[in-house]
Amino acid sequence: MSTEDKEAQEDELLALVSIYPEEEFKRKDAVPGGEIQLFLDLPSDFVISIKSDSATNSFIDNFENTVSFLPPIVLNFELPPGYPSTTAPNFTLSCKWLSPKQLTRLCQHLDDLWEENRGSVVLFPWIQFLKEETLDYLNIRSPYEIEVPSNGLQSWTQSPEKTFGAGEWPSLDKRAIQDVQSASVLVRCILDSNEAQEQKAFDVRQFLCNICFMEKLGSDCTHFKDCEHVYCNICLKDYFEIQITQGQVHALICPDPECKSIATPAQVKNLVGEQIFSRYDRLLLQSSLDLMVDVVYCPRPSCRTPVMQEPGGTMAICSVCKYAFCIYCRKGFHGLAPCRVNAEKLVELTKEYLAADDKGKKELLKRFGQLKKVVEEMKSNEWVKGNSKPCPSCKVPIEVKYHR
């Protein structure tokens, strides 16, 4: 390798390292070369759909989504000893959402750019073309339908020497690789890549927090995706910690009074400390269990383990302390004997009885013998109230008889 070629290669690689972040460009250690990921700038409201010729992908056949980013085009290259004076870089071009036919066209254009710039460094013209002109060059417009074969990658990797008839595809370039095995894998890659790049773009923008009214970088803010509201992490952290401390785990919503967007557990965990998040997680689980009609808690204060009820039964057995208890009165299981409940529980049962329908009332009277006496007294008091009036002298209720 000539000294001029060696210096030109080193200068070009150093320039790439200084321009692109490490997650986008990785320089090879063993040989002169590297790999660069190129994310294309898509038009706004860019719609994609997946077309698969597999009979088993019924969900994928209906997949359609609006994205801001697609997985990158990956240019992997090595610089031979004769580059840039006489020899072009060796390269492969891979992408998950471009077909080998489309990638072959891009490879051919990179070859053309080398011929136009023979004797000069060519990586920057290549990168600029791939990043800025790919969509126009391949005539890609929204809505864009991505085709994925049923047999995955291997069905596309034709020999570069294969020929096609009139109107068929040209020979596919062995440097063109569609590195995805199935439509379902492609969908997952597209969604993950779009989310990651949207977060990256969000992190470098400035936002006004509507709580403290200060401008903050997106990396210091939290975004409610349903309503698009943004608040700084400091204000939202204080708001969430107060709600969790007070046990209001279902109140972790967007602070806007007109909005009901709910914070995800991941957002809560990123904002509050480990101890407060553990409390949030515990209370959230408990509130979910409380809504399950077939779950009761072990009545022992030292245990309080959630216990699943047996269908149609009145006994529950704690899986931790093995305590067998009645699911109604929470006392030790008493078999067929009616429940014995205290005055406080009796008040609760009375309210439950009054709110129940006829079938529910009969069931409560059957389960709780003491409730029957209370109900009878209630009916007696209602009759007295409707059919008597107090004596003017001693105030004792006197039955009133109405004459026609």
Is it true that, when you exclude D358 itself, more than 12 heavy atoms of the residues, nucleotides or ligands shown sit nearer than 6.0 Å to its CG? no

Would one find more than 12 heavy atoms of other residues, nucleotides or ligands at under 6.0 Å from atom CG of L208? yes

Output the distance between atom CG (L172) and atom NZ (K101), rounded to the nearest 0.5 Å. 9.5 Å

Could you check whether W126 and F77 have their ring centres less than 6.0 Å apart? no

When F207 is tested against each of F202, F224, Y231 for ring pair (Phe, Tyr, Trp, His ring centres under 6.0 Å), which residue passes? F202

Kindly check if the number of other-residue, nucleotide or ligand heavy atoms within 6.0 Å of CZ (R27) is above 12? yes

Does a donor on one side chain sit under 3.5 Å from an acceptor on the other, for Q199 and D203? yes

Please check if atom CD in E215 has more than 12 non-hydrogen atoms from other residues, nucleotides or ligands closer than 6.0 Å. yes

Check this for me: M315, atom CE, are more than 12 non-hydrogen atoms of other residues, nucleotides or ligands nearer than 6.0 Å? yes

Quick one: salt bridge (Lys or Arg N to Asp or Glu O under 4.0 Å) partners of K28, sequence neighbours excluded? E78

Nearest heavy-atom neighbours spanning Q9 and P80: NE2-O, 2.9 Å

Please determine whether a side-chain nitrogen of the Lys or Arg among E23 and K200 lies less than 4.0 Å from a carboxylate oxygen of the Asp or Glu. yes

May I ask you to check whether over 12 heavy atoms, not counting those of I140, lie within 6.0 Å of atom CD1? yes

Does the pair K6/E10 count as a salt bridge with the N-to-O cut at 4.0 Å? no

Give a yes or no on whether the ring-centroid distance for F240 and Y280 is below 6.0 angstrom. no

So does K269 have more than 12 non-hydrogen atoms from other groups sitting under 6.0 Å from NZ? no

